[in-house]
Novice: 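Structure below; questions to follow.
First the proteins, then the strands, lettered A, B, ... as listed; each starts at 1. As a basis for the values below, the full set of heavy atoms in this structure was taken, side chains included, without hydrogen atoms, waters or symmetry mates.
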Protein chains: 2
Amino acid sequence: MTREPPRRRATIKDVAKAAGVSAMTVSNVLNGRLQFVSPATKKRVEREIERLGYRRQANARSLRVAEQRSIGMVIVDESPAFLADFFTCQVVAGLANVLNSADFTLTVQGMRGDQLSSSMIMRNFEVAGFCAMIAGPDMERHQSIQKLVELDQPLVVFQEPFESAGGDLCIVRQDDRGGGQLIGDHLLARRVTDFLAIIPAQVWPAIEMRLAGLRESLAANGGVARLTVITSKSESFADVQEVVAQHLATHPLPGAIVGANDPIATAAMLYLFDHDVRVPEDVRIVGFNGFEAHRYARPRLTTVDSAAYALGERAGKAMLERLESGRFESAEYVLPVHFDAGATT
Amino acid sequence: MTREPPRRRATIKDVAKAAGVSAMTVSNVLNGRLQFVSPATKKRVEREIERLGYRRQANARSLRVAEQRSIGMVIVDESPAFLADFFTCQVVAGLANVLNSADFTLTVQGMRGDQLSSSMIMRNFEVAGFCAMIAGPDMERHQSIQKLVELDQPLVVFQEPFESAGGDLCIVRQDDRGGGQLIGDHLLARRVTDFLAIIPAQVWPAIEMRLAGLRESLAANGGVARLTVITSKSESFADVQEVVAQHLATHPLPGAIVGANDPIATAAMLYLFDHDVRVPEDVRIVGFNGFEAHRYARPRLTTVDSAAYALGERAGKAMLERLESGRFESAEYVLPVHFDAGATT
DNA sequence: CTGAAAGCGCTTACAG
DNA sequence: CTGAAAGCGCTTACAG
C-alpha cells in the first residue's frame, strides 16, 4: 500500500537550468522554433532533455494553447464487447493509423446509448473532435448524434444513412444500399423469386440500408419477387442456426438466403449442408463484408466487399482537414462497395 | 478557410457567476464533495452547468491534480494496419471496456518499432500508464520494452514470454507454450511422426512460444517425431497457399500441419482439398485461436482457444489496481488456453 | 537574441 | 459554510 516515492518529474524549468538557458528557449527547441535558437544551444538543450528524461506535460501545453492533440472515438453499442466487432475494429484501425501519422492520438470510449451523457469523454473537454459509430434504432441513434452535435465540436459519424443536418458534422459511410441492390439484381438475374433475409437483433443502420437496397432491386423488377426477413438473436453461429431451423420448420426452402453479413450467411449455409440442402443448386446464398476470415468457407461465399478500413482512413483525413481549415470539405463521403461473386450463387 | 468564430467555451467561473456562487463551490459539485454544498446550491449549479453546456477542461484538472485519467495503448508492429489484427483488436476491446467502466479513457497509438521514441505518446507525458503489444524479434522487442520502462510509469506488456525484470512492469499473457504442448500431445497420440508448422514472417513472441511448446512435446516423446517449420510472407490466404505449394513440391506430405493460427491452418487445409488430399485421413491439421470466424470452415478445425478479450480485461484490472495501490499485485498473469478438438485431427 | 511575467482553467489549503 | 489566492507546467506577447 506504499505510494510511489515523490520523485518529481523533470519540468521545462529543470531542463532550462541544467542547460543554462531560459525556459523560453527550451520551449522554442521543443516546438521547433529554431529561428530563435542557435544550433549550439539547441544541442545543449536536447542533451539535457535526454539526460533528464524530460517529457512535455501535454496537459499544460494543451491548456495554454487551447488545442487538443487527440480525437475521441465513441462507440455506442449494447454489447459490452463493443470494439470486438470486426467491422468496427477495422474502422478504428484505419482511423488510428491516419491520426497517429499526423501526431494525433485516438481516445477510444465505448458505451451503451444511455451512458453517453454521463461518460467522461462527453462531460469533459479533452479532445479536438469526435468520431462516432452508433448502433441502434433511428430514434435512439439520433438522440445520441444530437447529444454529440450539442458539444459544438467537429464530429464525424460513421455509417449513418441520414443527411447531415448541417452543423459541424460529416458523415462517412459506404454504399450499403447499393450493395443490397447489387445482391438483388444478381439473384433476380438467376430467376430467384423467393428471398429470405437474416438480420441480427441489434439494429445497425448499415444493415437496414442493405435491406432497403435489396427491396428496391426487387421492386424495380416488378415486385413479383417476395422477401421475408427473420431476426437472429445475435450473429453467433448457434443463434443463426436456431432461427433458420425455426423458420424452415414451417416454411418451404427459399430461392435465396441473404445474410446481413458473412458470419450470418455462412452459418445459414452450414445449417443447410447439415440438412442435405445443396448450395447453390437448391438455395443460393449471399453474405456481406468480404473480410478475409470468411474467404475460407467452401464453397466460397458470394458477398459484397466492405471498405471498413478505408472508412476509418477517410474519416481521419476528413477530421484533420476540418481542424486545419475550420470546416469539413464535404458533408458526406460515400465509399463504394464491390460485388464479389463466389460459388454460392 | 474562415476560422471558427471565437465563441468562448464556458469555464467554471462562468458557471459560478451564473449560479451566484464561487468557483470553488462549482468545483465541489463537479467532484462530488457534497459535504461542503447544500442541496439547493447543488441543484442551482447543476442547472447552470446544463444550461451553459459547461464541460470541464480535463487538461486543467489533470495539470492541477497531477493525475491522468487515460491509459496509453501502444501497438508496435510493422504493418500499417496494426490494429486490424483480430487478436490485437480483441485485446484492445477487453482493455477499453474495463478502463471505460472505471472512467478511464484508452489512448491508442500504433507504430513501427523505430518510431517509438519519436511518438507523441512517448515524448509527451499524458497518460497514467502504458499497455503495450509488441511484435518483432527478441532484440527489437526488448529495446522497445526498455524504452517504455525508462518512462518510469506503470507498464503492462501483453504476450511477452520473458520474465519481468522487476520495475513497474506487469506481463499479461496466455499459456501459448502449453497450447503448443497440447497440440503436440494430441497429434503424437494419433501416431503422427512428421510435423509441418507454418508461421508468418512477422515475428510474434506468442507464436514462438506455441512452437516451443510443440517442440517440448515432441522431445518428451523421445524425439522420434520430426518437425519442419516453414515461413509464409503473411497470414493471407494467397501467401500461405504459395508457401505450402512450394514446400510440398519437393517434400512428401507430412503427417500433420500445425498452423501458427487458424487462418494459416485453414488456408493450408483448403490447399490440400484442392489437391485431393483428405483431412484428417491423409494429413491432420491444427490451428490456434479458435475465434468465432474460423468455426465456419468445414470440417471444423481442431484448434486451441485463445483468451484475447480476457487478456485485455486482465490487463485493465491490473493497471487499475496498480494505480490504486501503488504497485502491481502480481508481476505476471498467465491465462489458460483450451484445446478445442474439431474434425481435422 | 534573451528574460521576466502573465495567464490558460482548474483545485485546494488557508483565512474569514 | 464561503471566498480570495496560489500554483500546476507550459507558451507567448512584451520589454530589454
Side-chain angles (χ1 to χ4, degrees), chain A residues 4 6-45 48-49 52-70 120 123-128 153, chain B residues 4 6-45 48-49 52-70 120 123-128 153:
Chain A
E4 287 285 83
R7 180 144 65 88
R8 208 171 52 82
R9 193 167 292 278
T11 72
I12 205 172
K13 283 187 190 173
D14 299 324
V15 175
K17 189 185 291 182
V21 298
S22 74
M24 178 195 165
T25 302
V26 177
S27 178
N28 283 334
V29 171
L30 287 172
N31 295 299
R33 269 185 283 278
L34 298 180
Q35 65 271 34
F36 298 143
V37 36
S38 67
T41 307
K42 174 165 179 286
K43 271 274 167 298
R44 202 142 31 91
V45 168
E48 291 306 321
I49 286 176
L52 297 172
Y54 169 78
R55 292 189 295 150
R56 180 165 59 187
Q57 269 267 20
N59 290 314
R61 171 174 222 278
S62 288
L63 177 60
R64 185 58 178 83
V65 303
E67 176 195 289
Q68 319 288 331
R69 293 300 291 188
S70 187
M120 286 291 277
R123 282 204 330 250
N124 285 342
F125 177 74
E126 49 187 334
V127 294
Q153 293 195 261
Chain B
E4 286 285 84
R7 179 145 66 90
R8 207 171 54 79
R9 190 167 292 281
T11 71
I12 204 171
K13 282 186 189 173
D14 299 324
V15 176
K17 190 185 289 181
V21 298
S22 73
M24 178 195 166
T25 302
V26 178
S27 177
N28 282 335
V29 171
L30 287 171
N31 296 298
R33 266 186 285 277
L34 299 180
Q35 65 270 35
F36 298 142
V37 37
S38 68
T41 307
K42 175 166 179 283
K43 271 276 168 296
R44 202 143 29 90
V45 169
E48 292 306 321
I49 286 176
L52 296 173
Y54 169 78
R55 292 189 293 149
R56 181 165 59 189
Q57 268 268 18
N59 290 313
R61 171 174 222 277
S62 288
L63 177 60
R64 184 58 177 82
V65 303
E67 175 195 287
Q68 320 287 330
R69 293 299 291 188
S70 186
M120 286 291 277
R123 281 205 330 252
N124 285 342
F125 178 74
E126 49 189 334
V127 294
Q153 293 194 263

Novice: Looking only at heavy atoms, what is the nearest atom pair of B:Thr11 and B:Tyr54, with distance?
Specialist: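 Where B:Thr11 meets B:Tyr54 most closely, the heavy atoms are C-CE1, 3.5 Å.
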
Novice: If you compare all heavy atoms of B:Glu48 against all heavy atoms of B:Ala18, which two are closest, and at what distance to 0.1 Å?
Specialist: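 In terms of heavy atoms, the two residues are closest at OE1-CB, 3.3 Å.
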
Novice: Do A:Asn124 and B:Arg69 have a side chain donor and acceptor closer than 3.5 Å?
Specialist: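 Result is no, nothing qualifies.
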
Novice: Counting any heavy atom closer than 4.0 Å, what does A:Arg61 reach on the DNA or RNA strands: base, sugar-phosphate only, or nothing?
Specialist: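 The answer is sugar-phosphate, as A:Arg61 gets under 4.0 Å only of primed atoms, P, OP1 or OP2.
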
Novice: Assuming nearest nucleotide by heavy-atom distance, tell me which of A:Ser38 and A:Arg64 is located more 5' along DNA chain C.
Specialist: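 The 5'-side residue here is A:Ser38.
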
Novice: Considering only heavy atoms of chain A and a distance under 4.0 Å, specify the first and last nucleotide of DNA chain D in 5' to 3' order that meet this criterion.
Specialist: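 Span of nucleotides near chain A: D:dG9 to D:dA13.
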
Novice: Using a 4.0 Å heavy-atom cut-off across all strands, classify A:Asn59 as base, sugar-phosphate, or nothing.
Specialist: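 Touches nothing.
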
Novice: Between B:Thr25 and B:Ala60, which residue's closest nucleotide on DNA chain D lies nearer the 5′ terminus?
Specialist: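 First, find each residue's nearest nucleotide; the 5'-ward one identifies B:Thr25.
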
Novice: Could you please name the partner base of C:dG16, counting Watson-Crick and G-U wobble pairs only when both distances are under 3.5 Å?
Specialist: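 Its partner is D:dC1 (Watson-Crick or G-U wobble, both distances under 3.5 Å).
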
Novice: Applying a 4.0 Å non-hydrogen cut-off, can you work out what A:Asn28 is touching in the nucleic acid: base, sugar-phosphate, or nothing?
Specialist: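 The answer is nothing, as A:Asn28 stays clear of every strand by at least 4.0 Å.
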
Novice: Which salt bridge (Lys or Arg N to Asp or Glu O under 4.0 Å) pairs, counting each pair once, include a residue from residues 18-42 of chain A, with sequence neighbours left out?
Specialist: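 Qualifying pairs: A:Lys42-A:Glu46.
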
Novice: Can you name the nearest heavy-atom pair linking A:Val26 to A:Ile12, along with the distance?
Specialist: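 Heavy atoms of A:Val26 and A:Ile12 come nearest at CG1-CG1, 3.4 Å.
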
Novice: What is the minimum heavy-atom distance between A:Ala16 and A:Ala23, and which atoms define it?
Specialist: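 Heavy-atom minimum between the residues: CB-N, 3.6 Å.
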
Novice: Which part of the nucleic acid does A:Tyr54 contact within heavy-atom distance under 4.0 Å: base, sugar-phosphate only, or nothing?
Specialist: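 Sugar-phosphate contact only - A:Tyr54 comes under 4.0 Å of backbone atoms but never of a base.
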
